[in-house]
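A quick note: this is a predicted structure, and the numbers were derived from the prediction, not measured. Side chains are part of it too, since the values below use all heavy atoms of this structure and drop only hydrogens, waters and symmetry mates. Convention: sequence-line order gives letters A, B, ...; per-chain numbering from 1.
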Amino acid sequence: MIPELGSFALILALCFALIQGTIRSELTVNAVFGQFTFLSFAMLCLIISFINNDMSVIYVREHSHHLLPFIYRVGAAWGGHEGSLLLWCLVLSAWTFAFIIFSDKKLSKTTFSTILMILGWMSAGFILFLLSTSNPFQRDFPLSPIIGNDLTPVLQDPGLIFHPPMLYSGYVGFAIAFAFAIAALLEGKFNKEWARALRPWIILPWSFLSFGIVLGSWWAYRELGWGGWWFWDPVENASLLPWLAATALLHSLIVSEKRSAFKGWTLLLAIITYALSLLGTFLVRSGVLVSVHAFANDPRRGLFLLGYIALIIGGALALYSIRIKKFFKPSQFQLFSRETFLLINSVILLTAVATITLGTLYPIVLEALNLEKISIGEPYFNTVFVPIMLPALLLMGLAPHVHWEKQSFLALWKKMGLALLLSLLLAFLLPWSLGYPFGFLTWMGISLGLWILLSTLQSLLKQKTGLNHWAMIVAHMGIAILVIGVSVNKSYSEERQVKMQPGESIMLAGYQFTFDSLDKTKGPNFESIKANFTVGNEPISAEQRIYPHDQTLGKTGIIFNGWRDLYLALGNSLPDGNWSIRIYYKPCVRWIWFGGFMLLIGGMISLLNHYQKRRGAL
Amino acid sequence: MRRLLMIFLILLPLITYAAEDSYQFQTKEDQARFSALTGELRCLVCQNETLAASNAVLASDLRGQIYQKMIQGKTDKEIVDYLVERYGNFILYRPPLHLTTVGLWFGPFLLLILSIGYLLYYVRKNQREKR
Amino acid sequence: MKKYLPLGLFLLIVILLWRGLGLHPNLIPSPLINKPVPTSRSVFLGQVTLLNVFASWCEACAEEQGFLNQLAKNNKVRIIGFNYKDTPLKAKAWLKQYGNPYQNIMVDSKGETAIDWGIYGTPETFVIDKKGIIRYKVLGAISPDLWEETLGPLILKLESETL
């Protein structure tokens with residue numbers, strides 16, 4: 001009965017979405033509310049089906065098992081294609097709902113309802129996709145008792161509860177900015193008020209996406225057992241693409257708001273950002289790429305999604321081509337000015353987007369042309385993506401100190417020269433004084449991180465700081481910490497793969513890992529072999545778990561402080577009685593995630609400012 | 001801290017067994033070479049892991065082969081060629097520079113230079129027109 | 001003209017992805033195709049052969065075996081087995097249970113020869129012509145459909161080739 005109610009709720013939600021998309025009236029607000037209610041209800045039905053172990057529901061059977069712990073049964077609701085698509089729809093309707101409540105009341109009624117209509121069509125498309133190709137409530141009743149296929153062990157982790165909702169809140173949130181842009185193009189109007197009204201709807205999803213990516217990185221690091229935190233997997237790339245575009249959009253929007261310039265560019269970036277979000281879902285769900293994250297696929301799904309994307313984004317870009325002339329305004333700034341710097345920043349970020357897209361899709365190009373089958377991975381992105389991003393980091397420290405419209409080079413040098421030289425020098429001295437070897441790339445990376453840090457702090461000294469400025473400072477320092485973390489981690493990580501048995505020890509990076517004992521333990525739905533180690537007098541242990549259906553999963557052991565992680569992974573047992581063990585020393589790895597977390601904080605501060613101002617204005 | 005160090009020093013001679021590396025090399029450089037090489041090759045079974053990271057049986061076999069070849073004094077290029085002959089370029093995470101991959105390797109840099117160049121030209125032109 | 005650039009680029013990507021939907025990203029073509037067999041050349045000379053990689057631990061192999069038995073029974077083609085990472089005892093028991101279509105079996109218990117053949121999973125099947133040249137490789141199980149559409153005609157063609 002509950003699954004049928006879920007299906008029915010989806011159909012009702014679709015009806016409401018269609019009403020929202022077609023009728024221009026103040027009543028559409030109710031349609032949004034109805035849609036949100038019924039999608040929430042559908043999600044609740046799915047979760048209840050999981051909690052009840054209703055194995056007659058195909059989706060539940062494929063992704064659960066009667067031994068699966070309660071919390072993962074809840075998370076399993078979005079652990080597969082159908083359920084995560086339902087989550088996608090739910091998040092979209094939640095954003096629309098939030099838009100109605102919190103949106104700037106300065107927007108005209110027509111604009112407001114145009115935005116709602118566009119969102120209605122987008123939502124309808126996704127719910128239709130869900131109902132026609134991927135209904136999570138489909139059931140059948142086999143005669144024999146059914147044992148669930150179980151949730152893939154990799155997903156049985158707290159990460160499953162937080163990472164997908166956070167990430168989707170980011171992806172889907174850009175739909176609002178997209179709808180804004182379409183409304184602006186349709187009405188031929190995009191002024192300062194609009195830019196201000198749009199701002200929170202870019203900052204908030206950008207913050208969520210930033211943190212969602214960080215959560216994913218942290219999860220992969222703990223789960224995959226080789227000490228890596230980014231793999232340039234197509235699906236990771238798919239999350240980085242909208243992030244880069246949104247970062248460009250964020251900065252371009254500031255110029256549109258403060259200087260009423262770059263309007264066409266801001267609108268284009270809003271379209272591109274959402275397009276890249278959609279491209280990401282397509283890549284994950286269509287099976288065109290091999291990925292650790294890819295869902296089992298059905299060709300109809302890929303075709304539907306591609307058609308949907310072609311329609312929505314193609315339509316938006318066609319509209320852009322026709323209407324963009326209206327937004328053209330001759331520029332008021334000189335070559336050496338903050339505007340130019342921000343434009344260059346946009347260009348670099350978009351080049352980075354193009355690079356990742358190229359690296360992700362190039363294998364498909366070659367295969368489609370029947371030429372060759374190639375792989376593109378970390379070595380490619382490290383050699384191409386990293387050098388392209390370096391100048392952006394240099395500009396990041398500089399741009400906040402450059403005047404709008406016009407800046408003298410000499411004055412800038414006088415102001416910033418010291419910070420630049422100091423960061424170059426410190427980046428050389430710091431590793432040296434700690435006894436680490438010199439490396440050119442390491443030096444570059446740390447220099448740039450320190451440069452952003454110092455120049456951002458310098459702006460704190462001289463300027464009057466409002467909340468908005470603080471938001472920028474926190475976010476930029478987050479990037480600085482992330483950059484330093486990445487540089488140190490990439491350069492000074494150490495690892496050993498060894499054969500060991502209890503009683504033996506091994507040294508790594510000055511730490512002695514002692515293999516104390518081997519335990520057999522049992523969890524709620526797995527049996528496990530646990531290798532207990534000590535480092536100094538801190539215990540650390542790694543496991544090999546065996547789940548139902550003989551699925552195995554390694555669980556890593558990690559002890560950390562602010563400076564470094566010590567990381568332990570248990571491999572196979574060897575014929576000679578030894579165990580294959582991997583140990584890693586990972587300096588500054590937490591800085592990377594902490595930096596990402598600061599982006600979220602920065603975003604929140606900016607939001608606070610927005611609403612404080614608005615309350616002041618009312 | 002000092003006491004800890006003392007304990008450490010006393011314990012040190014007691015540890016008779018020291019574990020050994022799964023792949024033993026004479027020099028640290030060779031060890032690093034092995035890590036770097038296996039880190040740039042793709043496992044064919046679980047296709048989104050490197051040979052270094054993968055737990056698949058084939059990955060471990062191939063690691064063994066690479067190790068043997070290194071011990072025999074083969075160069076990185078010889079080892080990579082050996083694998084490509086059998087599994088194709090798919091095994092390389094760093095695609096080789098061919099006619100078909102020129103766009104891949106140089107496209108992004110070209111794009112960056114062209115677009116920044118165009119941007120500067122555009123701002124300049126606008127400036128002049130205003131004057 | 002410039003303003004149509006984003007739309008043009010986007011359409012190009014859509015067409016590419018649409019083409020991409022029909023591809024199989026996880027199947028890796030063998031570079032050994034149209035090259036002589038890497039080992040045991042003499043075994044393959046003179047007769048068109050299917051070299052089928054199997055193992056007792058491989059579930060898909062068990063499913064495939066029925067069809068291979070049929071092919072062998074109807075004398076469609078000579079089939080040679082390649083026993084990958086297995087023990088003789090287990091392999092024998094397995095062949096007893098699922099049937100033995102092989103005229104001959106190459107044994108590779110350590111998986112070393114397999115690397116020379118570029119084998120990366122089970123089942124895999126090579127089609128080898130009379131000169132001992134690899135002409136085709138099937139990744140995964142051979143289905144009756146695949147036989148009807150591709151393998152059958154190919155083998156007929158190879159049979160008609162002169163040495």
- Side-chain heavy atoms of A:Lys373 within contact of B:Asn89, under 4.5 Å: no
- Task: Start with the C-alpha gap between A:Glu372 and B:His98, add the side-chain angles, then the distance that decides, and say whether side-chain contact (heavy atoms from CB on, under 4.5 Å) holds.
- Result: CA-CA 11 Å; A:Glu372 199 181 2; B:His98 284 166; 4.0 Å; yes
- Any idea which of B:Ile116, B:Leu104, B:Leu112 has the most non-hydrogen atom pairs under 4.5 angstrom with chain A? B:Leu104
- Distance-minimising heavy-atom pair for A:Phe231 and B:Glu49: CZ-CA, 3.8 Å
- Task: Heavy-atom pairs under 4.5 Å with chain B are the metric here; pick the option from A:Leu350, A:Thr355, A:Thr340 that has the most.
- Result: A:Thr355
- Note: A:Thr351 and B:Pro108 closest approach over all heavy atoms is CG2-O, 3.6 Å
- Message: For A:Ala354 versus B:Leu111, what's the shortest heavy-atom pair and its separation?
- Response: CB-CD2, 3.6 Å
- Item | From A:Glu378 atom CD to B:Arg42 atom CZ, the distance as rounded to the nearest 0.5 Å | 13.0 Å
- For B:Gln26, look at atom CD and say whether over 12 heavy atoms of other residues, nucleotides or ligands are found less than 6.0 Å away. no
- Heavy-atom distances under 4.5 Å only: say whether A:Leu366 touches chain B with side chain, backbone, both or neither. side chain
- Rounding to 0.5 Å, atoms CD1 (B:Ile91) and OG (A:Ser375) come to a distance of 8.5 Å
- Task: Just do the side-chain contact (heavy atoms from CB on, under 4.5 Å) check on B:Tyr122 and A:Leu343 with the steps written out, would you?
- Result: CA-CA 11 Å; B:Tyr122 180 81; A:Leu343 264 183; 5.9 Å; no
- Item | A:Thr552 vs B:Asn55 side-chain heavy atoms within contact, under 4.5 Å | no
- Task: Kindly indicate whether the side chain of B:Arg94, heavy atoms from C-beta on, has any atom under 4.5 Å from the side chain of A:Thr383.
- Result: yes
- Scored by heavy-atom pairs under 4.5 Å with chain B, the best of A:Val347, A:Asn572, A:Val384 is A:Val384
- Proximal component of B:Ser54, with respect to chain A [non-hydrogen, under 4.5 Å]: backbone
- Message: To check you understand the geometry: which heavy-atom pair defines the closest contact between B:Gly103 and A:Tyr362, and what is its length?
- Response: N-OH, 4.1 Å
- Query: Heavy atoms, side chains only, cut-off 4.5 Å: are B:Leu92 and A:Ile374 in contact?
  - Reply: no
- Query: Does the pair B:Thr100 and A:Leu369 meet the rule for a side-chain contact (heavy atoms from CB on, under 4.5 Å), with working shown?
  - Reply: CA-CA 11 Å; B:Thr100 48; A:Leu369 296 175; over 6 Å; no
- Task: Taking all heavy atoms of B:Ala53 and all of A:Arg582, pick out the closest pair and write down the distance.
- Result: O-NH1, 3.3 Å
- Measuring from A:Gln497:CD to B:Ser22:OG, what's the distance to the nearest 0.5 Å? 4.0 Å
- Query: B:Tyr93 and A:Trp232: aromatic ring centres closer than 6.0 Å?
  - Reply: no
- Message: Is the shortest side-chain heavy-atom distance between B:Thr50 and A:Trp226 below 4.5 Å?
- Response: no
- Part of A:Pro387 lying under 4.5 Å from any heavy atom of chain B: side chain
- Task: Please state whether the side chain, the backbone, both or neither of B:Ala52 comes within less than 4.5 Å of a heavy atom of chain A.
- Result: backbone
- Query: Distance from A:Glu494 atom CD to B:Ser35 atom OG, nearest 0.5 Å?
  - Reply: 11.0 Å
